[in-house]
Amino acid sequence: MRSVPGARALAATALASALLAGCAGPADPRGEPAGHTERSAKNAAHSPRPYRHWGLTAPLPAPPPPPAHRPVRSTGEPLPVVHRVPTRDRVIFLTYDDGAEKDPRFVDMVRELRLPVSMFLTDSVVGPGYGHFARLRAVGASIQNHTLDHAALRGLPYAGQRAEICGQQSKLRARFGVRPRLFRPPYGTYDTTTLRAAAHCGVTAVVLWRAAMEGDGELTYAKGPRRLRAGDIVSVPSSEPTGLSLRERTTRLLREIQARGLTVGRLEDYV
């Protein structure tokens, strides 16, 4: 009978521990109380550090919800060729070409600023660096097609164009488990054979650009007004070693986007 008080004491202790645990909430798989992740994410989203760390004076506005239907959709032959997206949403689309620059700090930038960037990759340029782009994809970047060898396609026979486009489709599918929908021809040059070959390879749209951020940090425009407008697709090609880095050019670009009252949208939601 002497063991009964001891048992009662143990039960009381267990009950108190359970109540305390209940106040903290159930643990998540990492052993943290429920709500911890939400609070951490909320604090991170509202912290002034990410945008100031990357040279901005204010956080980027959140993009609007994705449209119910993509404004640009493939309707068969020929494929749509897109310089800018017909949308009233106050968004700009950031696209990066080739894959020559593999700065791990750019991955941090994309993650901390939650930038929905699109990476158009060339296999011969990326070389053994696909792991870098896997990390970018893990933090929200999309991976798209920019040919195997960065050949100028216009004028090439169908078989050669198909090999360049389908070959990179297969490479990217093997690396990332996805087959890209979007294709950017090197140098922005293409012909009707390009469109036919791209469609055969599973591409649904050919993506060009209206504005480009050059290696010196200057914005150039292919057509139309010489200022950023809603719906513009911006190309950021790989820079020469003496030029500004992707991070530096992206910061300049984000400042200009903010100055125009715009934000960054996800291209794949619109095309």
Side-chain angles (χ1 to χ4, degrees), residues 54 82 92-153 161-190 194 197-198 201-203 205-209 211-217 220 233-254 264 266-268 271:
W54 299 110
V82 188
I92 294 290
F93 306 102
L94 300 187
T95 65
Y96 294 77
D97 293 353
D98 308 333
E101 295 184 59
K102 305 175 186 66
D103 183 354
R105 290 169 293 179
F106 182 68
V107 180
D108 295 335
M109 184 182 204
V110 170
R111 174 177 54 81
E112 292 181 15
L113 296 179
R114 302 180 182 182
L115 296 177
V117 299
S118 303
M119 314 300 296
F120 286 83
L121 301 183
T122 297
D123 182 69
S124 63
V125 176
V126 175
Y130 275 104
H132 171 80
F133 296 98
R135 290 186 286 275
L136 270 170
R137 185 167 180 262
V139 298
S142 80
I143 303 298
Q144 304 297 343
N145 189 332
H146 198 42
T147 70
L148 280 175
D149 298 307
H150 210 268
L153 298 179
Q161 296 204 38
R162 178 180 165 183
E164 280 287 338
I165 301 169
C166 287
Q168 182 65 339
Q169 290 285 83
S170 298
K171 287 270 188 179
L172 295 175
R173 184 174 185 179
R175 293 282 184 175
F176 302 106
V178 294
R179 197 171 181 85
R181 292 190 302 103
L182 307 182
F183 169 66
R184 171 167 287 164
Y187 315 107
T189 62
Y190 67 96
T194 310
C201 298
V203 169
V206 172
V207 177
L208 300 181
W209 60 91
M213 175 62 79
E214 304 296 342
D216 59 2
T220 61
I233 298 171
V234 182
S235 168
V236 186
S238 296
S239 178
E240 297 295 329
T242 55
L244 300 177
S245 70
L246 283 185
R247 289 180 293 110
E248 292 168 321
R249 284 183 288 157
T250 300
T251 296
R252 290 195 180 196
L253 190 49
L254 293 176
V264 182
R266 184 175 182 270
L267 179 63
E268 291 73 16
V271 179

(request) Please confirm whether the backbone N or O of Val125 pairs with a side-chain atom of Asp98, one donor and one acceptor, at under 3.5 Å? (result) no
(message) So which atom in Arg252 and which in Asp216 form the shortest heavy-atom distance, rounded to 0.1 Å?
(response) NH1-O, 3.5 Å
(message) For a quick test of reading the model, state the closest non-hydrogen atom pair linking Glu112 to Trp54 and the distance between them.
(response) OE1-NE1, 2.9 Å
(message) If I take atom CG from residue Leu253 and atom CD1 from residue Ile92, how far apart are they, to the nearest 0.5 angstrom?
(response) 8.0 Å
(request) Apply the side-chain hydrogen bond (donor to acceptor under 3.5 Å, both in side chains) test between Glu101 and each candidate in Arg249, His132, Arg247; give the one that qualifies. (result) Arg249
(message) For Leu121, is there any backbone N or O sitting under 3.5 Å from a side-chain donor or acceptor partner on Gln168?
(response) yes
(message) Just verifying a value: how many Å separate Ser245 OG and Arg105 CZ, rounded to the nearest 0.5 Å?
(response) 7.0 Å
(request) Mind listing the closest non-hydrogen atom pair of Ile233 and Leu208 along with its distance? (result) CG2-O, 3.4 Å
(request) Could you please spell out the steps behind the side-chain contact (heavy atoms from CB on, under 4.5 Å) verdict for Leu254 and Leu94? (result) CA-CA 10 Å; Leu254 293 176; Leu94 300 187; 4.2 Å; yes
(request) For side-chain contact (heavy atoms from CB on, under 4.5 Å), just list the numbers for Thr251 and Met109, CA-CA rounded to whole Å, side-chain angles, deciding distance to a tenth of an Å, and then say yes or no. (result) CA-CA 10 Å; Thr251 296; Met109 184 182 204; 3.3 Å; yes
(request) Find the distance between OG (Ser238) and NE2 (His150) and round it off to the nearest 0.5 Å. (result) 8.0 Å
(message) Tell me which one of Asp123, Thr194, Leu148 satisfies side-chain contact (heavy atoms from CB on, under 4.5 Å) with Glu164.
(response) Leu148
(request) State whether Asp108 and Arg111 are salt-bridged, where the test is any N-O pair (Lys NZ or Arg NE/NH1/NH2 against Asp/Glu carboxylate O) under 4.0 Å. (result) yes
(message) Is any side-chain heavy atom of Leu182 closer than 4.5 Å to one of Thr95?
(response) no
(request) Could you grab the distance from atom CZ of Phe120 to atom CH2 of Trp209, nearest 0.5 Å is fine? (result) 10.0 Å
(message) If only side-chain N and O atoms count, and only distance matters, is there a donor-acceptor pair under 3.5 Å linking Gln144 with Ser118?
(response) no
(request) Would you check, one step at a time, whether the test side-chain contact (heavy atoms from CB on, under 4.5 Å) holds for Val264 with Leu113? (result) CA-CA 10 Å; Val264 182; Leu113 296 179; over 6 Å; no
(request) Please determine which of Arg137, Glu268, Arg266 meets the side-chain hydrogen bond (donor to acceptor under 3.5 Å, both in side chains) test together with Ser142. (result) Glu268
(request) Mind checking the OG1-CD spacing from Thr147 to Gln169? Nearest 0.5 Å is all I need. (result) 11.0 Å
(request) Please lay out, stage by stage, how Leu153 and Ile165 fare under the test side-chain contact (heavy atoms from CB on, under 4.5 Å). (result) CA-CA 10 Å; Leu153 298 179; Ile165 301 169; 4.2 Å; yes
(request) Could you tell me whether a side-chain N or O of Thr189 sits under 3.5 Å from a main-chain N or O of Pro185, the two making a donor and an acceptor? (result) no
(message) Restricting to non-hydrogen atoms, name the atom on Tyr187 and the atom on Ala151 that form the minimum distance, rounded to 0.1 Å.
(response) CE1-C, 4.4 Å
(request) Considering non-hydrogen atoms only, spot the tightest contact between Lys102 and Val126 and give its length. (result) CE-O, 3.2 Å
(request) Would you give the length of the straight line joining atom OG of Ser235 to atom CD of Glu214, rounded to the nearest 0.5 angstrom? (result) 8.0 Å
(message) Applying salt bridge (charged side-chain N to carboxylate O under 4.0 Å, His left out) as the test, list every pair that has at least one member in residues 138-152; sequence neighbours left out.
(response) none
(message) For Glu248 versus Leu244, what's the shortest heavy-atom pair and its separation?
(response) OE1-CA, 3.3 Å
(request) Quick one: which residue pairs count as a side-chain hydrogen bond (donor to acceptor under 3.5 Å, both in side chains) with a foot in residues 172-181, not counting sequence neighbours? (result) Arg181-Thr204
